[in-house]
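Sequence lines set the chain letters: A, B, ... in the order given, protein chains first and strands last, and positions in each chain run from 1. These values consider heavy atoms only, across backbone and side chains, with no hydrogens, waters or symmetry-generated copies.
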Amino acid sequence: MIQPRLVWELARKDLAVFASDRRGMLLCFAVPILLASAFGAIFYQPAEGPGLRPRVHLVVEDDSPLARRIEKQLLESPHLQVSSCLRETARRRLASESSGVVILLPSGFGKAMRLDTASRNGHTPPTLELLHHPSSVIEARCAEGIFTEIALREAAHDLLAPLGLGAARLERPFQVHLESLPSGGALASHAFSHSFCGMTLQYLLFWGMDSGLMLLRERRSGLWRRLRAAPLTRGTLLAGKALATALIALAQIVVTFSFGAVFFGVTINGSWLGFVLIALAAALLASATGLLVAALGGNETRARSISILVILSLSLLGGLWLPAFLLPSWARTLSLALPTTWAARGLEGVVWQGMEWTQAAHCAGMLALFGLGFLVFAWWRLVRADSPHLVSQGG
Amino acid sequence: MLPVLSIESLRLCYGEHCAVDHLSLEVWPREVFGLLGPNGSGKSSTLSAIVGAHAPAAGHIRVMGHSETDEPLLYRQQIGLVPQDLALYEELTARQNLSFFGKLYGLFGRPLQQRVEEVLDFIQLTDWAERLPRTFSGGMKRRLNLGCALLHRPRLLLLDEPTVGIDIQSREAIFTALRELRASGSALVFTTHHLEEAEQLCDRVGIMDGGRLLASGTVDELSRDYDTLAPGWRLDGPHEPVPSPMKGPRLERVFLELTGRSLRES
C-alpha cells in the first residue's frame, strides 16, 4: 500500500535537503551543462565546413601529364582537403597527427595507368600507395573512391582523344539525391544536440547513483530506524525516495536543455510530446537506478566504484558519448539490451532527428520497462536486506 | 487496565543465532521500564522487534492491544522511537525536523504547528527553532532527537541509550522531560549502560544477558533478591567478596551478581 500524501512529504523533505546545499545543487545542474558544452564544442563542425572532408596528403612522384591532371583534380576536389607534399613530409605528418590519409602516386604511375596500355594482355597495373592513420580507415576508403573516379575520368579522356573526342569529359551519368533520415541534418552540425542528449542522460544516471548513495547512508543511520518505526509502509518510504530523485532528474533535463537552447541552439526538432515521454521515462530510470544502487550497495565506497564502472560502460555502449554507429556491430547488437541505448535513441530522435511521438513512445516504453525492472529488483533486495540493517550492534 | 506494552515468549533469531529467547514482560501506563544488560545481551534487538523492524521467530508483541502483524500502522502510531544514533536531518532546521516527523504520524496544518511549538518548548529549544542541528551542542541534539519522537504523543516511548555522550546538565534536562512524559500517562522503555541513571529514573528494571531476561522488578525488589553482599563489601573475582570502602550503587551490585564480570565482545 502506498500513502500518497506521505510519499509527497517524504519527497519534499528530500528536495529540501537537496536544496539546502546550494553549492552541491549548483554543481548538480552545472556539471552536465559543462560536459555537454565541452563535448559539443569539440565535435562541432559546420555542415559544409572543411571538417567533413577527409584530410589528404598528396605525394606525386610522377611527372606524366595524366598524373599532373589527377593531382590538379584532387587539389580542386570539394570532397577532400588535399595538400601536396613530399613523401617524407607526408609520412611524418601521418605519424604526428591523430588522423589523415596519404595518396602516393609513384614514378611511372601515369604511363602505366593509361587505359590503352592497361588493356594489353600481361600488363601489370600500377600500384597506388594509400597510407592512413589507424583511426582513419573510413577516410582512406572515401579518398580511394574519389581518387578512383578522378583517375578513371582523366584516363578515359586520354583514351578518347585519338578518336577525336578529346574535348569530351566523362561525367557521372546520374544525379545523387542526398538526405539524412530521420531528417535533422548531419551529425557534425548537431554536435551540441548530440552532446546535450548524451551528457544529460549520463548525468541522470550519476544523479541516480548519488541518490542511491544518500539512501545507503541513511539506511545505516538512526534516521532509517526512525523512518521504519513510523506508520509508513515500505512502499511509501521507497516511493518517496524515488519521487524526489525523479523530480530532481526532471529539473536537470529542463535546466540542461534550456541552457542548450539559449546558448547553442539545441531545439526539439521532433515531437514535443515524445520529448516529454522520454524525459519522464529517463527520470524514472534515474530514480530506479538510485534504489538499485542502494539495494545492491553493501558499503558506500564499493557501491560508488561499481556504479561508476557500470554507468560509464552503459554510457559508452549506449551511444551517450559517441554516436552508436561508430561502435562495432557486436557492440551495437549488445547495446539493444541496455537502457541507455533506448534513452539515447529516443532523446536524440526527438531533439534533432525529427522523430514522431509514436516512435518516441516506443523508446520511452522500453526505457520505462528497464526502469520498472530495476525498481522491482531493488524492491526485492531492499525488503530482503531490511531487517538486519535495522538492528544496531549495541546489545 | 491494559498494559501499554505486552511481550510474550519473544524469540528473535538471526539465522542460527538467537539474540532474544523467551522474553516476556509488560509495561504499564505511567511507568518507566529500564532494559539493562551488557553488550550483546539482546536489548537493542528487543527494541527493534518492538518497533516492528525485526519479525519474531516466536512469541507476540502488543502495544495498546495492537499487534504489528495485524494492524501495523495503528501499532506504530502508538510508539515513539528515540534511536541511539542521532536521527536528525542536519540540513533542516530544528522546526523543519519536528514538522517532518510530525507529518509522518499524521499531523498537518494548524495542529502540527501548535504541536511543534509545544515540543520545542518542552525540549527547551524554542529559541533555536530556526537553527540547523549541526550548530547545536551534543545535549541540544539529544533533546531534539527526543523531541522528534514526541510529536504524536506516543503511548509508548522507546529510548535506546538516550543520554550517550552528553553533559550532566543536558542529562538532567532530558530526565526532567522523561518524568513529565511519564506523568502525562506515557510508558517509557529505555536501555542504558549507566546503572545509576536507571536507578534514578526507572520504576522497574529488567536485566538481560544472553538474550534472556534474568530478572525484573523494582530496584528494591532486585536488591532484596540478588544483592547478597552486605554494604561495605564488593565482589573481587567470581564470588569473592572483599571489603570495600565505598558503598556501590545497589543496581550495579545486582547487575554484576546476575551477569558476572567477564568481558563481552559483542
Student: One pair to check against salt bridge (charged side-chain N to carboxylate O under 4.0 Å, His left out): Glu218(A) and Lys241(A). What are the steps and the verdict?
Tutor: CA-CA 11 Å; Glu218(A) 201 167 279; Lys241(A) 287 278 159 206; 3.0 Å; yes
Student: Could you tell me if Thr233(A) and Thr236(A) have a donor-acceptor pair between their side chains, going purely by distance under 3.5 Å?
Tutor: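 Yes, Thr233(A) and Thr236(A) have a side-chain donor paired with an acceptor closer than 3.5 Å.
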Student: Side chain, backbone, both or neither: which part of Tyr105(B) has an atom under 4.5 Å from a heavy atom of chain A?
Tutor: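 When you check distances to chain A, atoms from both the backbone and side chain of Tyr105(B) fall under 4.5 Å.
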Student: Which atoms of Leu6(A) come close to chain B, meaning under 4.5 Å heavy atom to heavy atom: side chain ones, backbone ones, both, or neither?
Tutor: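 The answer is the side chain of Leu6(A).
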Student: What residue in Gln77(B), His152(B), Glu91(B) has the most heavy-atom pairs under 4.5 Å with chain A?
Tutor: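 It is Glu91(B).
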Student: Using non-hydrogen atoms and a 4.5 Å limit, figure out which bit of Ile79(B) sits close to chain A: side chain, backbone, both or neither.
Tutor: neither
Student: Sequence neighbours excluded, which residues qualify as side chain to side chain contact (heavy atoms under 4.5 Å, CB included) partners of Trp8(A)?
Tutor: Ala11(A), Arg12(A), Leu243(A), Leu247(A)
Student: Heavy atoms only, distances under 4.5 angstrom: which of Lys103(B), Gln96(B), Glu90(B) has the most pairs with chain A? Name it, please.
Tutor: Lys103(B)
Student: Hey, are Asp160(B) and Lys43(B) close enough for a salt bridge, meaning a charged N less than 4.0 Å from a carboxylate O?
Tutor: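 Lys43(B) and Asp160(B): not salt-bridged.
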Student: Please look at Phe101(B) and chain A and tell me whether the side chain, the backbone, both or neither of the residue comes under 4.5 angstrom of a heavy atom of that chain.
Tutor: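 Side chain only.
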Student: By a 4.5 Å heavy-atom criterion (distance strictly below it), what part of Ala149(B) contacts chain A: side chain, backbone, both, or neither?
Tutor: both
Student: Ignoring hydrogens and angles, tell me if any N or O in the side chain of Glu130(B) forms a donor-acceptor pair with the backbone of Thr93(B) under 3.5 Å.
Tutor: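 Absent.
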Student: Quick one: which of Leu88(B), Leu73(B), Leu12(B), Val51(B) has the most heavy-atom pairs under 4.5 Å with chain A, could you say?
Tutor: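 Counting heavy-atom pairs under 4.5 Å, the top option is Leu73(B).
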Student: Less than 3.5 Å apart, which donor and acceptor atoms pair up between the side chains of residues 276-291 of chain A and the rest of the protein, not counting sequence neighbours?
Tutor:
residue, atom, partner, partner atom, Å
Ser287(A), OG, Ala283(A), O, 3.4
Ser287(A), OG, Leu284(A), O, 2.8
Thr289(A), OG1, Leu285(A), O, 2.6

